Amino acid sequence: AYFDILLAQDDIESLEAEQRAISTELRRAERALEVGSGTVTAVNEARARFDLVEARRLRADNTLEIARENLRRVIGREPGTLAGLRPGFEAEPPLPVDPGAWGERAERDNLQVRAARNSLLAAQEDLRIEEFERLPSVDLVAGLNRISRDTTGAGTSQRNVGQISLRLSMPLFTGGALESRIRQRQAERDASSDDVRDARRVAGLEAESAYRNLVAIDRQIGALEQALRSIISTEESTRRGLEVGLRTTLDLLNAQRDRFETERELAASRYAYLLEYLRLQVAVGGGLDQASVDDVNFFLDSDDQS
């Protein structure tokens, strides 16, 4: 919910910047048309592009409102200004660089696995208690009696009599109820054992998948950063070409569109990286302390946080 707000805010800022860039080209196209060096087509293309981005911005405004409401429901109050990504975002997948190692850790420490193991231990104990019911039992019995006797002419005499004995009980027939309970406990134990195996398998797959996704997103971020540098260079070349009449307004609008879309995609990938990192920590049983949140906060600009 937190990152949904940040992404919606970034989208709005990017779309507004794109609108300003389109407005500049629209005014340029209108002036060129007035002096006879431009075309109506260029003006119409710029206006159409501006209206299209305006429609997307309105949708982004609605998305932001929904995201803020979702976070408000989570935290129970109106969210203030949120800390966004700090400049110079750079991240690498955590160590070890082995999906199998993360899977093994999840099979051991995942919270669902630990809960399933605890359920298995409880089922084994319940079975042990039921099985004890059909075993012989030995009881130690101790008693103390005080005996009083009225002796004629001599008053009353008293003496204590103690007794200690062992009592052995052998259940010869307990009926079908006990055997039925034992079979039920055995079935519950077997089901709990299956739950442990399933939980380990699911946790291992989730951890390996989260790690692989983290690596893929990290590579995607690098590719988008390189693509953005190339697109910015292309946009500058297109702008110079427009000034000397070698490129059209549409060419520049397309180059600008590519730049803004790449910037938005890059921001979304960075947020996806942080979310996938948290998913990995949950898969391996982490996230119960502040450490995972602190790791994510490292990438956020704390100066803007409230």
Side-chain angles (χ1 to χ4, degrees), residues 1-3 70-71 73-76 93-142 164-217 272-298:
Y2 184 99
F3 289 127
N70 288 337
L71 182 58
R73 293 180 179 180
V74 171
I75 64 178
L95 298 175
V97 289
D98 178 17
W102 290 97
E104 292 175 1
R105 180 178 168 185
E107 291 177 3
R108 181 183 66 251
D109 298 331
N110 178 271
L111 296 182
Q112 296 299 326
V113 173
R114 288 157 61 180
R117 281 201 298 260
N118 288 336
S119 296
L120 175 59
L121 292 176
Q124 291 172 337
E125 180 65 15
D126 289 341
L127 174 60
R128 186 179 68 87
I129 293 172
E130 293 292 352
E131 289 177 336
F132 279 168
E133 293 294 325
R134 61 185 182 185
L135 297 179
S137 63
V138 177
D139 297 318
L140 176 64
V141 181
I164 299 178
S165 64
L166 292 176
R167 182 168 61 199
L168 173 66
S169 300
M170 176 70 73
L172 299 179
F173 179 71
T174 59
L178 177 59
E179 295 301 322
S180 176
R181 291 200 303 271
I182 290 176
R183 288 193 299 270
Q184 178 182 352
R185 297 305 185 191
Q186 289 173 337
E188 291 173 352
R189 177 204 58 191
D190 294 341
S192 296
S193 180
D194 291 339
D195 290 342
V196 171
R197 286 193 294 270
D198 291 341
R200 292 185 60 196
R201 183 174 62 254
V202 171
L205 290 175
E206 287 180 349
E208 291 187 22
S209 176
Y211 180 80
R212 294 181 188 278
N213 288 340
L214 204 59
V215 173
I217 294 172
Y273 176 92
L274 297 179
L275 282 172
E276 203 63 39
Y277 174 81
L278 291 175
R279 290 191 182 101
L280 176 61
Q281 296 305 313
V282 170
V284 298
L288 293 180
D289 53 21
Q290 186 70 18
S292 298
V293 177
D294 288 341
D295 290 342
V296 172
N297 281 341
F298 172 79

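In this chain, numbering begins with 1 at the start of the sequence shown. It should be emphasised that the depicted structure is a prediction, and the values quoted were computed from it without experimental measurement. Quick note: numbers below take in every heavy atom, side chains included, and nothing from hydrogens, waters or symmetry partners.
For the residue pair Leu280 and Pro94, the shortest heavy atom distance occurs at CD2-CG, 3.9 Å. Looking at every heavy atom in both residues, Tyr211 comes nearest to Val97 through OH-CA, 2.8 Å. Taking each heavy atom of Ala116 and Val196 in turn, the nearest pair found is O-CG2, 3.4 Å. Residues Ala1 and Asn70 come closest through the heavy atom pair CB-C, 4.5 Å. Nearest heavy atom pair, residue Arg279 against residue Ala210, reads C-CB, 4.4 Å. Residues Arg117 and Glu107 approach most closely at NH1-O, 3.7 Å, considering heavy atoms.
Contact check for Val296 versus Phe3: side-chain heavy atoms found under the 4.5 Å cut-off. Side-chain contact check for Asp139 versus Leu166: every heavy-atom pair is 4.5 Å or farther apart.
To the nearest 0.5 Å, atom CG of residue Leu127 and atom CD of residue Glu125 are 9.5 Å apart. Taking CG of Leu274 as the reference point, atom CG of Leu214 lies at 9.0 Å (rounded to 0.5 Å). Note that OG of Ser292 and OH of Tyr277 are 5.0 Å apart. Values are rounded to the nearest 0.5 Å. Separating the CD atom in Gln124 from the CZ atom in Arg185 is a distance of 13.5 Å, to the nearest 0.5 Å. Rounded to the nearest 0.5 Å, atoms CD (Gln290) and CG (Asp295) are 10.0 Å apart. Distance check: Arg181 CZ to Glu130 CD gives 4.5 Å after rounding to the nearest 0.5 Å.
Under the 3.5 Å distance criterion, the side-chain polar atoms of Arg189 are left unmatched by any main-chain donor or acceptor of Asp126. The main-chain N or O of Ser209 is never found under 3.5 Å from a side-chain atom of Trp102 such that the two would form a donor-acceptor pair.
Residue Ile164 places its CD1 atom among 12 or fewer non-hydrogen atoms of other residues, nucleotides or ligands, all under 6.0 Å distant. Residue-environment remark: CD (Glu276) exceeds the threshold of 12 foreign heavy atoms within 6.0 Å.
A salt bridge is absent between Arg128 and Glu131: the closest approach of a Lys/Arg side-chain nitrogen to an acidic carboxylate oxygen does not fall below 4.0 angstrom.
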